[in-house]
Amino acid sequence: MALVRVRYAPSPTGAPHVGNIRTALFNWLFARHHGGSFIVRIEDTDQERLVPGALEAILEGLRWLGLDWDEGPEVGGPYGPYIQSERQGLYRQEAERLVAQGHAYRCYCSPQTLAQMREEQARRQEPPRYDRRCRELSAGERARREAAGERWVVRFQTPLAGQTPFDDLIRGQVVFDNATLDDFVLLKSDGYPTYHLANVVDDHAMRISHVMRADEWLASTPRHVLLYAALGWEPPQFAHLPMILGPDRAKLSKRHGATSILEYRDKGYLPEAMTNFMALLGWSLDDKTELLDREELTRHFSLERIGKTGAIFNLEKLDWMNGVYIRKLPPAELAQRLLPFLERPEQEGGLPEAVARPLDRAYLGRIVPLIQERLKTLAEAPALVDFFFLNLPYEPSLLLGKRLSPEAARAGLERAQVVLKGLVAFEAEALEGVLRPLAETLGLKAGDFFGLLRVAVTGRAVAPPLFQTMAALGRARCRERLEAAIKKLGPA
RNA sequence: GGCGCAUUCGUCUAGCGGCCAAGGACGCCGCCCUCUCAAGGCGGAGAUCACGGGUUCGAAUCCCGUAUGCGCUACCA
């Protein structure tokens, strides 16, 4: 394929959600697959909807996922600037050119006039659309209204008849009757272009070869095709991606609590899992492969294998996949990634404030292997490891489990104390070597005895395997906690 | 309302005319492993392929219609 140049063109109206960032991913994968360029362009032409910090969130989201861009904010490039508000002159120039060439015209209708127009159309059960009343104004009339200081917009002069067909790389040929299109606005009264104009002007100026965007843009595409023709430009190839839906199958939005991609980061999802998962929302390799790393994804990615139907974001499957990726990590790497989640303030989900920061790296290194296969997200770690750092409070009855008498429990703990004191190597294997026989000596079922020790040593009925846990905790902590447990059981 | 797009297990999907009385994954259920929880292994339930007509020797796959869903229909993107 000749020179692939694709772009991700978000609007800084908030932090990007998964649907949004999935579009970025597909563009990135397509560019990397073909050895082309991935460009980021910021479409900030709606001054009213700008959200402070949104641009940073967008770029941060891309960085987190490792979607590096060849041209765009921060890195620049030969077709910059890459922020539309800094390219105003270009749009105005093209809009004026269209007016001069008879492909567009100034419209003086006020928002109120338009609202009223729509109201009347609705009353008459007509489709709401601009009635083109400014399309055929005389030169004198225009001069008069402009002299009167009336504000205007530039509207595209849509052909009244005919059809506009185009080939979508995913949908095939799509045809629209021009009669169903209205004279859409190109340049707003504040001088900013609308999406339609800015998009077309920039995609051309930036030599974009393929426009890959969400399906919601399909209905706008004939306008763009018409615009390219009026401007005398060759349109790029279009590929409309299936959308990501909320649980109610509607377009993902704030209503669904559309989570920012950065929230997934903060909730402890791995970028590699997130990437794999999002790639599978609308794309698939075959009938069984689900786990693909970034390299495999870019190697195999192709438009032909993109589906046509919208997909609901299935959080449970993401959890599973994240767990898979967590288990694949080398323990040292996992420990490293866990650190921020463990050390952040308790209020933000970190370990209790009573635990001193920074954490003992070596100690953590012994703990991590014990929780690796038990994590679905990094954020779950604090709840799984807190007892390694703190003596947790618990009810004495927890020690007894289902069928232990206080006497048996006490005896068990006391005998364990003795055995642990004399143990030479305080390691998992050695611990099992003395404790398992001890259960028998005591006449207790292994499960009951180990359960008792687990509660005594961790404060929980559920924890990683006992002997490894004890080994990680170390002799001193274990004996101290055993002692405390005996006290909890009260006098014999 | 108009226009457009779509329609395979609850969800993500495979399937591009015969290999499909539909395969995989998540989730769910059961069993195994087992000191708890996980992880892992094995098995199971779960889709008359939206519906109705065609075309064809043969259709989930092609065509038409209907229904449903979604999108667009802004001086929002």
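Every heavy atom of this structure was used, including side-chain atoms; hydrogens, water molecules and symmetry mates were not.
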Open item on the list: Each nucleotide in nucleotides 19-30 of chain B should get exactly one letter: B, S or -. Can you fill that in based on protein heavy atoms under 4.0 Å?
Closed with: ----BBBBS---
Open item on the list: Taking any heavy-atom pair under 4.0 Å as a contact, classify A/Pro10: base, sugar-phosphate, or nothing.
Closed with: nothing
- [ ] Classify the nucleic acid contact of A/Arg460 as base, sugar-phosphate or nothing, counting any heavy atom under 4.0 Å across all strands shown.
- [x] nothing
TODO: Grab the CG-C1' distance between A/Leu181 and B/A74 for me, whole Å please.
DONE: 15 Å
Open item on the list: From NE2 of A/His196 over to P of B/C75, roughly how many Å is that when rounded to an integer?
Closed with: 9 Å
- [ ] Report yes or no: is there a donor-acceptor pair, N or O only, under 3.5 Å between the side chain of A/Ser189 and the base of B/C75?
- [x] yes
TODO: For the side chain of A/Leu466, starting at C-beta, report the closest nucleotide among B/C70, B/U7, B/C35.
DONE: B/C35
Task: Distance, C1' atom - from B/G23 to B/C33, rounded to whole angstrom - done: 28 Å
Task: Quiz item: A/Arg249 side-chain donor-acceptor pair to B/C70 base, under 3.5 Å - done: no
Open item on the list: Parallel, tilted or perpendicular, judged at 30° and 60°: which one describes the rings of A/Phe166 and A/Phe238?
Closed with: perpendicular
- [ ] Pick the P atom in B/G10 and in B/G53, then give their distance to the nearest Å.
- [x] 24 Å
- [ ] For B/C42 versus B/U13, give the span between their C1' atoms, rounded off to a whole number of Å.
- [x] 24 Å
Open item on the list: Looking only at the side chain of A/Arg454 (C-beta and beyond, no hydrogens), which of the listed nucleotides B/G71, B/U36, B/C76 gets closest?
Closed with: B/U36
TODO: Just say parallel, tilted or perpendicular for the rings of A/Phe450 and A/Phe467, cut-offs at 30° and 60°.
DONE: perpendicular
TODO: Identify whether NZ of Lys or CZ of Arg in A/Arg22 sits under 6.0 Å from the centre of the six-membered ring of A/Phe26 and within 45° of that ring's axis.
DONE: yes
Task: Proximity to the side chain of A/Lys188 - top-ranked nucleotide from B/C12, B/C37, B/A77 - done: B/A77
TODO: Pick base, sugar-phosphate or nothing for A/Thr45, based on heavy-atom distances below 4.0 Å to the nucleic acid.
DONE: sugar-phosphate
- [ ] Examine B/C72: is either OP1 or OP2 under 4.0 Å from a nitrogen or oxygen in the side chain of A/Ser220? Give yes or no.
- [x] no
Open item on the list: Taking the minimum atom-to-atom distance to the side chain of A/Trp217, which one of B/G71, B/C35, B/A77 wins?
Closed with: B/A77
Open item on the list: Could you tell me if the side chain of A/Pro236 sits less than 4.5 Å from the side chain of A/Tyr228, heavy atoms only?
Closed with: yes
Open item on the list: When the C1' atoms of B/A74 and B/C16 are compared, how many Å lie between them, rounded to an integer?
Closed with: 40 Å
- [ ] Tell me what A/Ala463 touches on the nucleic acid: a base, only sugar-phosphate, or nothing, going by heavy atoms under 4.0 Å.
- [x] base
Open item on the list: Any strand counts, and the cut-off is 3.5 Å on both contacts for Watson-Crick or G-U wobble. Which nucleotide pairs with B/A25?
Closed with: B/U11
- [ ] Using the P atom on both, measure B/G65 against B/A21 and round to a whole Å.
- [x] 30 Å
Task: Shortest side-chain distance from A/Asp215, nucleotide among B/A77, B/C35, B/C5 - done: B/C5
TODO: Please determine, by modelled atom types, if A/Asn27 and A/Arg7 share a side-chain donor-acceptor pair under 3.5 angstrom.
DONE: no
Open item on the list: What is the distance, to the nearest angstrom, from the CZ atom on A/Phe176 to the P atom on B/U73?
Closed with: 12 Å
Task: Side chain of A/Arg436 (C-beta onward), nearest among B/C12, B/G40, B/C35 - done: B/C35
Open item on the list: Between A/Thr289 and A/Asp286, is there a side-chain donor-acceptor contact under 3.5 Å, judged purely by atom types and distance?
Closed with: yes
Task: Nucleotide nearest A/Arg305 when distance is taken to its side chain, options B/C3, B/A14, B/C75 - done: B/A14
Task: Euclidean distance for P, B/U56 against B/A14 (whole angstrom) - done: 30 Å
Task: Nucleotide B/A39, atom P - distance to CD of A/Glu380 in whole Å - done: 11 Å
Open item on the list: To the nearest 0.5 Å, what is the distance between CZ on A/Arg133 and OH on A/Tyr108?
Closed with: 15.0 Å
Task: Residue A/Ala250, side-chain atoms from C-beta onward, closest of B/C72, B/G71, B/C75 - done: B/G71
Open item on the list: Considering every strand and a 4.0 Å limit on heavy-atom distances, what is the contact class for A/Met321: base, sugar-phosphate, or nothing?
Closed with: nothing
Task: Watson-Crick or G-U counterpart of B/A74, or none if no pair lies under 3.5 Å - done: none
- [ ] Looking at every strand, decide which applies to A/Cys107 at a 4.0 Å heavy-atom threshold: base, sugar-phosphate, or nothing.
- [x] nothing
TODO: For B/A50, give its Watson-Crick or G-U wobble partner with both distances under 3.5 Å, or none.
DONE: B/U66
Task: From CZ (A/Arg403) to CG (A/Asp448), nearest 0.5 Å - done: 4.0 Å
- [ ] Grab the CG-P distance between A/Asp248 and B/U11 for me, whole Å please.
- [x] 13 Å
Open item on the list: Counting only side-chain nitrogens and oxygens, does A/Arg327 get under 4.0 Å of the OP1 or OP2 atom of B/G40?
Closed with: yes
Task: Residue whose nearest RNA chain B nucleotide is more 5′ - A/Gln468 or A/Ile306 - done: A/Ile306
Open item on the list: Between C1' on B/A14 and CD on A/Glu304, what's the gap in Å once rounded to a whole number?
Closed with: 16 Å
TODO: Could you work out the separation of B/C37 and B/A25 based on their C1' atoms and round it to a whole Å?
DONE: 24 Å
Open item on the list: Any base atoms under 4.0 Å from A/Phe467, or only sugar-phosphate, or nothing? Heavy atoms, all strands.
Closed with: base
Open item on the list: Once you apply a heavy-atom cut-off of 4.0 Å, does A/Tyr195 come out as touching a base, just sugar-phosphate, or nothing?
Closed with: base
Open item on the list: In whole Å, I'd like the distance from the CG atom of A/Asp44 to the P atom of B/C75.
Closed with: 19 Å
Task: Ring-face cation of A/Arg460 near A/Phe387 (centre distance under 6.0 Å, axis angle within 45°) - done: no
Task: Within 45° cone and under 6.0 Å: A/Lys328 NZ/CZ vs A/Tyr325 ring - done: yes
Task: Sugar-phosphate, base or nothing in reach of A/Val153, heavy atoms under 4.0 Å - done: base
- [ ] Hunt down the Watson-Crick or G-U wobble partner of B/C20, both distances under 3.5 Å, from any strand shown, or write none.
- [x] none
Task: Aromatic plane relationship, A/His224 with A/Trp217 - under 30° parallel, 30 to 60° tilted, over 60° perpendicular - done: tilted
Task: Rounded distance in Å - NZ (A/Lys308) to C1' (B/G71) - done: 17 Å
Task: Shortest side-chain distance from A/Met243, nucleotide among B/C70, B/C35, B/C37 - done: B/C70
- [ ] Look at all strands and tell whether A/Gly401 reaches a base, only sugar-phosphate, or nothing, counting heavy atoms closer than 4.0 Å.
- [x] nothing
Open item on the list: Students often get this wrong, so: under 4.0 angstrom with heavy atoms, is A/Arg155 touching a base, only sugar-phosphate, or nothing?
Closed with: sugar-phosphate
Task: Check: A/Arg132 and A/Leu160 side chains under 4.5 Å, non-hydrogen atoms - done: yes
Task: Closest-nucleotide 5' rank along RNA chain B - winner of A/Asp190 and A/Gly310 - done: A/Gly310
TODO: Tell which nucleotide pairs with B/G30, taking only Watson-Crick or G-U wobble pairs whose two distances are both under 3.5 angstrom.
DONE: B/C42
Open item on the list: Heavy atoms from C-beta onward define the side chain here; which of B/U11, B/G1, B/A6 lies closest to that of A/Ile312?
Closed with: B/U11
TODO: Using the P atom on both, measure B/C29 against B/A39 and round to a whole Å.
DONE: 13 Å
Open item on the list: Classify A/Val455 by what it touches in the nucleic acid, base, sugar-phosphate, or nothing, heavy-atom distance under 4.0 Å.
Closed with: nothing
